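Numbering of ligands and ligand atoms starts at 1, following listing order. Small disclaimer: the values here were computed from a predicted structure and weren't measured.
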Amino acid sequence: MQVLNRPWGAMHYRVDGPAKAPTVVFANSLGTDLRLWDPLLAEMPEICAIRFDKRGHGLSDRAGDYQVADLADDAAALIEHLGTGPVVFVGLSIGGMIAQALAARRPDLLSAVVLSNTAVKMGTAESWAQRIAAIEGAGIASIADTIMERWFAAPFRARPELALWRNMVVRTLASGYIDACHALAATDLTEGTRGLDLPVLVIAGDQDGSSPPELVRATADLIAGAGFETIADAGHLPCVEQPAAYAAILRSFLKEHAA
Ligand SMILES: O=C(O)CC1=CCC(=O)O1
């Protein structure tokens, strides 16, 4: 368990795997912490994995009133602190928006990016306002079942470990979750992402209820030369639901692009 002191507070991160291996930094989604990547990393002991909890999530402090660009600056500060760049950066959902913003702002830190289950714009001002109102009225637990339907395809939702992923979102600090919803509502990365000039792989889940494959594909289509892969039988978190398939795709991308 390690900490990076940022102007807004303590940012929790951890490093796993051999120090001399290809370094991959992972950014989590809304309502998850760095354990999001545990199932994938169990499949990929050969990489050096750096993970962190964004503001208001996991063990990191809360810092409200921020933009996705600020989260990208947190990721840049971590990479610089560890002195490990250039790295491959993998971000899922809002983590994929962090990856896009980081690639536009600090391409010097990256050898390649993976944009997983994400888009240049996710949801609408109205949909985020509705979600915030639901949480303020009745707590995160009131939206947890709907979230599980977006995160996972039906067979996974029948598995006992669903309870653990549900607990992860329900136990997220409501204020931290809402801060991220505000940042999502305010974000459209179209211009910066259109101009990306580094290797990019975009990953979708065929049953993703939060960022459907066609939305993810539209973001891939904005980026010259971007690869696109769809993982079968997977919702919004394919690194949890289909970790072996996710690992195979990532491993083959790393072979070409890890520094
Ligand atoms: O909670 C969801 O609907 C999924 C999601 C949207 C942005 C994010 O990071 O996760």
Report task. May I ask you to check whether S93 and H236 show a side-chain donor-acceptor distance below 3.5 Å? Result -> yes
Query raised in the report: What residue and atom, counting heavy atoms only, is the protein's closest point to atom 8 (C) of ligand 1, and at what distance?
Result: S93 OG, 2.6 Å
Requested in this report: Assess R51 against Y13: is NZ or CZ under 6.0 Å from the centre of the six-membered ring, and within 45 degrees of the ring's axis?
Outcome: no
**Report entry** ligand 1 N/O within reach of G95 N/O, cut-off under 3.5 Å
**Finding:** no
Query - Separation between CZ of R14 and CG of L41, rounded to the nearest 0.5 Å - result: 9.0 Å
Query - Heavy-atom nearest neighbour in the protein, as seen from atom 4 (C) of ligand 1, with distance rounded to 0.1 Å - result: S210 OG, 3.2 Å
Query raised in the report: Can a cation-pi geometry be assigned to R55 and Y66, taking NZ or CZ under 6.0 Å from the six-membered ring centre and within 45° of the ring axis?
Result: yes
Query raised in the report: Is it the case that W8 and D74 place a side-chain donor and acceptor less than 3.5 Å from each other?
Result: yes
Requested in this report: Determine, for R166 against D145, whether the closest basic-nitrogen to carboxylate-oxygen distance falls under 4.0 angstrom.
Outcome: yes
Query raised in the report: Can you name the nearest heavy-atom pair linking V169 to A144, along with the distance?
Result: CG1-CB, 4.4 Å
Requested in this report: Answer yes or no: does an N/O atom from L30 fall short of 3.5 Å to an N/O atom of ligand 1?
Outcome: yes
**Report entry** Nearest non-hydrogen protein atom, atom 1 (O) of ligand 1
**Finding:** R131 NH1, 2.7 Å
Query raised in the report: Hey, which atoms in ligand 1 end up nearer than 4.0 Å to a heavy atom of S29?
Result: 9 (O)
Report task. Provide the number and element of each atom of ligand 1 under 4.0 Å from a heavy atom of I147. Result -> 1 (O)
Report summary line: Counting from 1 in the order shown, the ligand 1 atoms closer than 4.0 Å to a non-hydrogen atom of R150 are 3 (O)
Report summary line: ligand 1 to I94, heavy atom cutoff 4.0 Å, flagged ligand atoms 8 (C), 9 (O)
